[in-house]
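All values below were derived from every heavy atom in this structure, side-chain atoms included, with hydrogens, water molecules and symmetry-related copies excluded.
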Amino acid sequence: PSILIIAPPNSGHTSLCEAISRHYDAIYISTGQLLRTAVERQTSVGLQARSYMEKGQYVPDVLITGMIANRFQQDPEIAERGFVMDGYPRTKEQAFAFQKKGILPTHIIVLDIPDETIVSHSIATRIDPVTGHLYHPVFNPAPKSAIVEARLIQRTIDTESVVRQRLALYRKNIPGVMASFKHVLRRFRYPRGIHGHQEDVLKEIFGFLELKVMSRAPRSFRIVVAGLPGSGKTSVARMLQIKHGFVHVSPNNIIKEEISSNSDNASILLPFLDYPENVPETTMLNLIVKRLNREDCRDRGWVLENFPLSKLQAEAMKAKGIIPNRLIWLNCSTETCIERIKDRRIDIDSGIEYNLAHMPEDISQKVLKNLVLRPSDTETQIKERLHRAVNAKSELESFYCLRAPGFTGQSEFGIMQCVDGEGIGENGKRTVFESHFPKDRGNVTQLEDMDDFFDFVHNKLQVPIDTIRGAFLLIAAYPLALIFNLIPRAQITIRHVFSIVCSALLFCSMFPVAGFLQLLGQAMAIFSSDIVRFDHTAPMYFGFVFFFAGFLVGPAIEFRHYLMYINSEGVLAKIPNVTIPTLKNVGIGFFFMAFFSLLLPYYNYQFCYSDKFLTFTYFRRFSYLQIAALVSKSQYYSAWKLSEGTCTLIGFSYSGKQNGQETWDRGSNVDITRVELAENAREATSNWNKNTQSWLRRCVYERLYLSHGSGVATIVTYTTSAFWHGFYPGYYICFILGALGNMAARDIRRNVRPLFASPTSKLHQYKFVYDFLGWFTTLSMISMMGAAFQVLTLENSIKLYNAVLWYSPVTTMGALVAFRVLSFGRVLKLSHKFLGIPIESLKKNEEDVKSGSKKES
């Protein structure tokens, strides 16, 4: 790990840092300890730093940065074991210098503690000058010794005036530090401080550190930013990193990281520090591939700057398995590039880069004196670099091809997009760049400005932004439903049109406009063809296709039900009060939304294929997987219940009265209780995504059942569902495992259930054991199915299954072999007479199995 702990002075965080470093066997680096050692040894740095430390002031950045860099270079174990750093960086300049040195943390922890809490604790703290031990009357009392008590004194840095001065300086600088590490930062608030409950604080911090970043595998972000030297590649890459959390990878950063970690390649790369493009291609390619295959790049996506720059390099990358899904070429004239590069300067102390044309207003004179021109930025070198890169655009275009306008699919070619880079690097750089991606979210991500609200919730809860956005849109459907209710029921055409408009607004808020137009075009093609003949108007047909209440996540409704609702026929002619059933669905939806948000950082499928997961005992791994499955299912429960609430609010869900009670299940897509308490696979699957299951049963299963039998029908039905979802291996693992599980469950129900279910059986008193085992087996099977569905990739699915010893596939195949190959059912039938099971009971059980098999799609 590479962890930075940022906390107010005198907050007591040192013990936390030491505990974290021990936990991960990482090197603990304390700037305070380094400075104290330098002062004691009276080194040049120590002598310069002493006066600042005694006054409670920050030691100048130049001294601190140099000291930290030396520490990293002198200890090769830091690269192997990782580090936990305490007390650095303290300023924005130190943060930039830290990154410039190639030291890239994986986690930043900020402890937010009120000033008054720190001041009250500090002024009560005393030190024993003989032993150096610190004491506090409440949290760490001194020994009951008159001698010890007599020599206790207050440190200068613990006086109220000095503490408040240091805190004021910290509060002034911390916003800049946090802004520099926004994408890997987590803030922990402790109003009462951390003294006295360090164990609880550590537990919370470890929960964050051991959290795998949520994979965005359905849209894997692999971006290359290329262009002429000075075209603004670094600015664009940093924008994408800060805004979207991608890992910024560049040859320059890789070289710095290799040198700072004193790796085997450090001596080879040192001469190329200012000329990364001159590094031998094979060496650079291997380093880039190694960096892009690291876990952070796989999980968060990456933006690669300035590589490849030729067709040969692109081919070599592809051969290594590195295939970007977007290449952004920044069009910029050579004159503009030359002007930008000529104005670039670097601070020789901190390594921070500045542009003379856009200097910060608060830059100090000392920094101005330290600015120098890099050797690679001289006019001669600029022209030479531009000359080498002049053919790069045509070569990359010949390999990757220009991206077709409006294309939103996944492809390794046709991915190159040219963007005007003339305004990048100036005051309006974000607007100038992002204006070229107004609605394009198909292959890379939302490159336009995302709502700060979504960013805020994402940073707070560590929930994927797409999940947050989806929840927001489901909630946004409710005010639209209220407006829909205001339209007179006699105005049928207006209700159709309003529903279509609502679906368009909801869909285009999350996906590209081109996607909605594509759906609209397909619907129009079907309507105008001879495939299906409609005796109804176009508004009625399109109103059904784009029915806003179930458009985003379901339920999938039938045309006859839509006509009944829109024409106010049957039980829908008079709809009762919708308030109570709507609030019930909203409450359940919000409950599972909160459940998902709170537990996702601690229980998720992605952690189940990590190395840390393998250190758990098997029982703990198995239990963790079951909880992770419940957390994963809760997001579907929340979405479906919120969508059902919209259907209920407009009255669509009303399905009449049964036994004198109103029922509201027409818009229901899941029966949560029956899924979670299901005692067999048939019951679980038939109550999950119910309307889609109904469609699969009618259109796939029942067409194959009579001619090919239940086994073939079940496998084809599940395979169809997998194909419907997409082409990730995890989908096919999930649904094929589900099909086999259903077949095995049917065999067990046919052969084992009569031993316990028959009232005359001697084993009937143990039926509760059969029911419990059925529930436990079903739930654990669903957990493994869901794991592959969520993990998606074959490699990680196998890792996860290895971690839990393939328990579900093994038991499933064992049951199928026992009953379908070894004919174990015949052995069990021999016991029927002995156990007192009548023939009538067996026939009834067989009828139940056959009738139930038709519902198992």
Rounding to 0.5 Å, atoms CG (Leu327) and CZ (Arg222) come to a distance of 12.5 Å
Take Ile20 and Phe206 through the side chain to side chain contact (heavy atoms under 4.5 Å, CB included) test and state the conclusion after the steps.
CA-CA 8 Å; Ile20 294 170; Phe206 285 141; 4.1 Å; yes
Taking the six-membered ring for Trp, are Phe613 and Phe607 parallel (under 30°), tilted (30 to 60°) or perpendicular (over 60°)?
perpendicular
Tyr801 and Ile733: side chain to side chain contact (heavy atoms under 4.5 Å, CB included), yes or no, with the steps?
CA-CA 11 Å; Tyr801 280 23; Ile733 295 173; 3.7 Å; yes
With distance as the sole test, does Lys393 use its side chain to make a donor-acceptor pair with the main-chain N or O of Leu309 at under 3.5 Å?
no
If I compare all heavy atoms of Leu800 with all of Cys608, which pair ends up nearest, and what's the gap?
CD1-CB, 3.5 Å
Closest heavy-atom pair, Ala237 versus Val303, reported as atoms and distance to 0.1 Å, is O-CG1, 3.9 Å
Approximate separation, where rounding is to 0.5 Å, of Thr793 OG1 and Tyr728 OH
9.5 Å
Spatial distance of atom CG (Leu287) from atom CD1 (Ile268) [nearest 0.5 Å]
9.0 Å
Rounded to the nearest 0.5 Å, what separates atom NZ in Lys233 from atom CG in Leu330?
7.5 Å
Check the pair Ile109 / Arg186 against side chain to side chain contact (heavy atoms under 4.5 Å, CB included), numbers first and verdict last.
CA-CA 5 Å; Ile109 295 170; Arg186 184 73 173 270; 5.6 Å; no
Keeping the roles fixed (side chain from Thr336, backbone from Cys332), state whether a donor-acceptor pair exists under 3.5 Å.
no
Any heavy-atom pair between the side chains of Glu305 and His248 that's under 4.5 Å?
yes
Which pair of non-hydrogen atoms, one from Trp329 and one from Leu228, has the smallest distance, and what is that distance?
CZ2-N, 4.1 Å
Side-chain (Asn286) to main-chain (Thr282) donor-acceptor, under 3.5 angstrom
yes
Value for NE2 (His23) from CD1 (Ile3), rounded to nearest 0.5 Å, stands at 9.0 Å
Run the side chain to side chain contact (heavy atoms under 4.5 Å, CB included) test on Trp302 and Val224 for me, step by step, so that the C-alpha distance in whole Å, both residues' side-chain angles and the decisive distance to 0.1 Å come before the verdict.
CA-CA 8 Å; Trp302 47 261; Val224 170; 4.2 Å; yes
Report yes if the side chains of Ile254 and Met284 come closer than 4.5 Å at any heavy-atom pair, otherwise no.
yes
Do Ile29 and Asp86 have side chains that get closer than 4.5 Å, going by heavy atoms?
no
Mind checking the NE2-CD1 spacing from His107 to Ile5? Nearest 0.5 Å is all I need.
10.5 Å
Sub-4.5 Å side-chain heavy-atom contact between Val225 and Leu304:
no
Are the side chains of Asn252 and Thr234 in contact, using a 4.5 Å heavy-atom criterion?
no
Ser21 and Ile27, any side-chain heavy atoms less than 4.5 Å apart
no
Least distance between heavy atoms, Arg291 atom then Val247 atom:
NH2-CG1, 3.4 Å
Do Tyr28 and Phe83 make the cut of ring centroids closer than 6.0 angstrom?
no
What pair of heavy atoms forms the shortest contact from Asn306 to Gly227, and how long is it?
OD1-O, 4.2 Å
Heavy-atom closest contact (Cys337 atom, Ser231 atom, distance)
SG-N, 4.0 Å
Keeping the roles fixed (side chain from Glu395, backbone from Ser310), state whether a donor-acceptor pair exists under 3.5 Å.
no
Side-chain touch Lys320/Leu285, heavy atoms, less than 4.5 angstrom
yes
